[in-house]
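Have a look at the structure below, then the notes.
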Amino acid sequence: MMLRLLRFFLLLYVAVILQTVLAGRLEVLGVRPDFPFLLVLIVALHEGAAGGALCGFFAGLFVDANSAHAFGVSSLTNSIVGFLAGSLADRLVRESLLTRAIVALVATCLRDQMLVLMLQPWGFVNFFAMLVKSSLPGALYTAILSPLVMALSEWGIRWDKEPSRAIL
Amino acid sequence: VPVLTDYLSRRGEILVLVLVVVISVTLMLLSSNDKVAVAGKINDAAFTPFQIALSRGGGLLEAKAENDSLRFELVKASLHLMGMQESERENERLRSMLTLREEPGWNLIAARVVGHEASRSSREFKIDKGARDDLRKNLAVVTLEGGLLGRVTKVGPHSAFVRPLCARHCNVSVRLARTRTEAILEWSPELGLNLTFLPFRAEFSKGDEVVTSGLGGVFPRGILVGTVSNIETLPDGTLRALVDPKARFDAVDEVFIVFGSPEGEEEEILGDVEPSVAIPEPAPTGSGKS
């Protein structure tokens, strides 16, 4: 378990570095993918709600440390969405690429809209505008990359075929 | 027994969620200084060194240093030229007061872009110079070509974040170089960079250069921002002009921080009502090249 924990933190570190160095270069029409969040989702699918929440917290913490503002906000939103994704994991066909893409799409959208509401006290005013202009395109891009990134993450952490439900 | 196990497992999961939510909320409630300190420590200890190493790549350091030095001189010369052009225009207007102006000696420091902000919602990027290089908040940032790129928003010991013009809350006081008309440059998702607060009957045309006005703040005056790309009259009779930026926001590798001209001019950064947290921004559109 310790080894897997170590691999997880190493992967998270790589994901955050990729996000800061590479994601800008992968920008299409102003939209970037979200690598650390994809790692949160794959952990949530394998480890369940508690694993998703913990992974979301650490991913958010590292993302916040690499942001100019909003310390703690990503930790909170990622934890909650990680928890929700993990709670649903037992009811989903985790191995299906389509399932993973849909989970990535919905979860990224949900997380981004939570950010909108938390960061802007007046966020409800342009809630739908932000959904259409920013959250949905970003979530779509992240969802398209999700099968590849999640498969690489699985390979990196080396889960067993039967995923354990222990926390990480 | 399975029901009990399931119940305890569920309770454990909820306990974990409550724990991380409480810690996250506690982090959010920290004072701005504490947030910067905690984030800066994590950032500088874990990420900045690796980001800098990655951005610098391997080898050819000497050639790179020489190249950097030459580029530095090029930007200095470019800014000198802009300052001189600005002086010339002023002299033409004020013929009776024609005097020789001292060449402005721009005080610049070169920095390398080592990463973008990790949250997808913002367009700020990170440079490899920080408080130890005397950087401070609100300093102007220009590109290799000498075009205004944005300003410094947050400074850590070894790194800093730069907010480009193509982001919210980065309004700048500018003027049209040819006609001296003053305006405010702002960015919006729908229009890109555009000029607001233009006076009625302002006379200018497509292709006119837009430069910083130097009105009382940090930016030295005369830095080229871009050129007017489109002009339209709004239903209420006011004018709106779109600006094609000189700086390319999508391909920034190296930047220069401007510490101000020796004249001690200070420029005002208008509309700088900064929220305590970042606001997600939609993809830039309009006339900007970003």
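Order of the sequence lines sets the chain letters (A, B, ...), proteins ahead of strands, with each chain counted from 1.
What you find for A:Ser79 and B:Ser24 is that their closest heavy atoms are OG-OG, 4.4 Å. Residue B:Phe161 comes nearest to A:Asn66 through the heavy atom pair CZ-O, 3.4 Å, listed as atom of the first residue, atom of the second, then distance.
To the nearest 0.5 Å, atoms CG (B:Asp34) and CZ (A:Phe71) are separated by 10.5 Å. Interatomic distance, CG of A:Leu54 versus CD of B:Glu13, reported as 10.5 Å (0.5 Å rounding).
Between B:Leu27 and A:Leu61, some side-chain heavy-atom pair lies under the 4.5 Å cut-off. A 4.5 Å side-chain heavy-atom check between A:Val16 and B:Phe47 finds at least one atom pair inside the cut-off. Taking the side chain as every heavy atom from C-beta outward, B:Val20 and A:Phe58 never approach each other to under 4.5 Å. With contacts defined as side-chain heavy-atom distances shorter than 4.5 Å, the pair A:Phe83/B:Val21 does not qualify. With contacts defined as side-chain heavy-atom distances shorter than 4.5 Å, the pair A:Leu76/B:Met28 qualifies.
Evaluation of the salt bridge (charged side-chain N to carboxylate O under 4.0 Å, His left out) rule for B:Arg132 yields no partner, not counting sequence neighbours.
Top candidate by heavy-atom pairs under 4.5 Å with chain A, chosen from B:Leu19, B:Val25, B:Leu17, B:Leu15, is B:Leu17.
With a 4.5 angstrom heavy-atom cutoff, A:Phe37 does not touch chain B via any of its atoms.
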